[in-house]
Amino acid sequence: MENRSLAIQHNHADTVDVTSESSSEKAFIKGNSISATLEEIKAEHVIPVFLKDNEPVISHTDFIESMVEVATHIYGSGSISKPVVRISHPIMGRVPEARNKPAAELMEWEKTRFYERMMFAIEVPTIHDEVAGNSLSLTIGGVKAYNIDNLNNKIGADQNFKIYAGFKNTVCTNLCVSADGYVGDLKVKNIQQLYDAIFTLLQTYNAVEHLRKMQYLTEYSLTEHQFAQLIGRCRMYPYLTQKQRDGITPLLFGDQQVNNVCRDYYRDRSFCKSNDGSISLWRLYNLFTGANKSTYIDQFLDRSVNAYQLAGDLKQALISGRSSWYFLT
């Protein structure tokens, strides 16, 4: 494969500044989530607290603004787009004065709410490249799910976050995330620790290597028969015992996502099969990342990384000529 390099433009600055253009408004995730803005969350949503001392946790706003600040420092002022935010699982409340009112009679100012789960994505359009004619732009972000935290604790307790750096396929807004660009079990006690972890991830993530490995996926294909075997094995995997799963690449996708992959093998305009029924691993990978859009926020990134791992392991099986558990060579 020919040597490839990213198209990068850096304008270093230390002040937080984002372009007026938002990251793609086409949803990168749909499953049980709605769109929100940073301004809306900051102005209208209450902040959960640790119940033992009533001290606030790190809010969704704190999280997003920390990522924006670090990204601006690393990539340059004006080089990143506005965050696109998706939220789910609302926690509703009301002010004390309205505690006895019927719900239908509540005024807007009497209602309180926050959302238990939140995911956001920030494009860095100055860092981009192409794979198989698909334009990819660097995209960073994170997930916060308060249901994972122990809010019965007091300030200073661990708070859980997920952060990532990867690429967005602008053809379909599918997010491409590898294990090297993902921290799925980040535990911090304060905003400074969160800031430091984000900085470390963005500094160490190798975007060029990630693109190179995705480019390799375009060079290998499954036959129609192998694809049929893969789909069948994906349906069988959940019923294996833990011992039977030893040595097999895990599959985190459920029946709904596997059904979508099978459907889009025939119907997706950008990533469907070829006329002879074969499908490149790049297209197959995008069928899985597309199916992942129906996933709940707290599972999204784990399944995104799993799709990349599965595509990579299928590639290794094709290179070696050895049968994978998922299909026969």
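The two residues V124 and I80 have their closest heavy-atom pair at CG2-CG2, 4.0 Å. Considering every non-hydrogen atom in both L38 and V85, the closest pair reads N-CG2, 4.5 Å. V68 approaches P83 most closely through the heavy-atom pair CG2-CG, 3.9 Å. Nearest heavy-atom pair across F114 and V46 is CB-O, 3.3 Å. Across every non-hydrogen atom of F271 and C172, the tightest pair is CE1-SG, 3.6 Å. Shown here for D268 and S270, the closest heavy-atom pair between the two residues is OD1-N, 2.9 Å.
Hydrophobic clustering of Ile, Leu, Val, Met, Phe, Trp and Tyr side chains at less than 4.5 Å, counting indirect connections, unites I64 with Y75. Under a hydrophobic-cluster definition in which Ile, Leu, Val, Met, Phe, Trp and Tyr are linked whenever side-chain heavy atoms come within less than 4.5 Å, directly or via other members, I148 and Y146 are assigned to different clusters. Following chains of ILVMFWY side-chain contacts shorter than 4.5 Å, one cannot reach V57 starting from V143, and the two form parts of different hydrophobic clusters. Cluster membership check: L252 does not share its hydrophobic cluster with L287, using side-chain heavy-atom separations under 4.5 Å among Ile, Leu, Val, Met, Phe, Trp and Tyr. Under the 4.5 Å side-chain heavy-atom criterion for Ile, Leu, Val, Met, Phe, Trp and Tyr, V131 and L318 are members of the same hydrophobic cluster.
Looking at I34 and S88, their side chains never come closer than 4.5 Å, going by heavy atoms from C-beta outward.
Taking a 6.0 Å sphere around NZ of K52, one finds it holds 12 or fewer heavy atoms contributed by other residues, nucleotides or ligands. Heavy-atom contacts from other residues, nucleotides or ligands closer than 6.0 Å to OH of Y296 number 12 or fewer.
Rounding to the nearest 0.5 angstrom, the gap separating the CG atom in L201 from the CD1 atom in I163 is 4.5 Å. Within the model, atoms CG of N292 and CG of N286 stand 11.5 Å from one another, a figure rounded to the nearest 0.5 Å. Here NE2 of H210 is found 4.0 Å from OG of S178. Values are rounded to the nearest 0.5 Å. In this structure, C176 SG and L136 CG are separated by 6.0 Å, a value rounded to the nearest 0.5 Å. Taken to the nearest 0.5 Å, the CG atom of L328 stands 15.0 Å off from the CZ atom of R322. How far CG of N306 is from CG of D313: 9.5 Å, rounded to the nearest 0.5 Å.
Ring geometry, Y265 versus F227: the interplanar angle falls under 30°, so the pair is classed parallel (tilted spans 30 to 60°). In this structure, W282 and Y285 have tilted ring planes: the angle between them lies in the 30° to 60° band. Using cut-offs of 30° and 60° on the angle between ring planes, the pair Y205 and F167 is tilted.
Electrostatic pairing of E44 and R113 counts as a salt bridge here, judged by a charged N lying under 4.0 Å from a carboxylate O. Ionic pairing of E55 and K154 is not present here: no N-O contact between side-chain nitrogen and carboxylate oxygen is shorter than 4.0 angstrom. With respect to K42 and E39, no salt bridge is recorded, no charged nitrogen being found less than 4.0 Å from a carboxylate O. By the 4.0 Å N-to-carboxylate-O rule, D298 lies too far from K162 to be salt-bridged with it.
Judged by distance alone, the side chain of Q257 and the main-chain N or O of G254 form a donor-acceptor pair under 3.5 Å. Between the side chain of S274 and the main chain of G277, no donor-acceptor pair closer than 3.5 Å is present. One N or O on the side chain of T170 and one on the backbone of S135 form a donor-acceptor pair closer than 3.5 Å. In terms of modelled atom types and a separation under 3.5 Å, the side chain of D264 and the main chain of R267 share no donor-acceptor contact.
For T241 and Q244, the side-chain atoms include at least one donor-acceptor pair closer than 3.5 Å. No hydrogens or angles considered: nothing links the side chains of K30 and T295 as a donor-acceptor pair under 3.5 Å. Checked by atom type, the side-chain pair N160/D149 shows a donor-acceptor distance below 3.5 Å.
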Please output the side-chain donor-acceptor pairs of residues 230-240 that fall under 3.5 Å, not counting sequence neighbours, one pair per line with the distance.
from: R233; atom 1: NE; to: W325; atom 2: O; distance (Å): 2.9
from: R235; atom 1: NH1; to: N259; atom 2: OD1; distance (Å): 2.9
from: R235; atom 1: NH2; to: N259; atom 2: OD1; distance (Å): 2.8

Next on the checklist: The test is side chain to side chain contact (heavy atoms under 4.5 Å, CB included); show your working for D53 and F50 and say whether it passes.
Outcome noted: CA-CA 6 Å; D53 51 19; F50 289 111; 3.6 Å; yes
Checklist entry - Are E123 and K168 close enough, and set up right, to give a salt bridge (Lys or Arg N to Asp or Glu O under 4.0 Å), and what steps lead you there? => result CA-CA 8 Å; E123 284 183 53; K168 187 194 74 174; 2.5 Å; yes
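A cation-pi arrangement is absent between K144 and F63, since the terminal nitrogen or guanidinium carbon is not both under 6.0 Å from the aromatic centre and inside a 45° cone about the axis.
Checking each of H45, H60, H89 against Y115 for a ring pair (Phe, Tyr, Trp, His ring centres under 6.0 Å) leaves exactly one that passes, namely H45.
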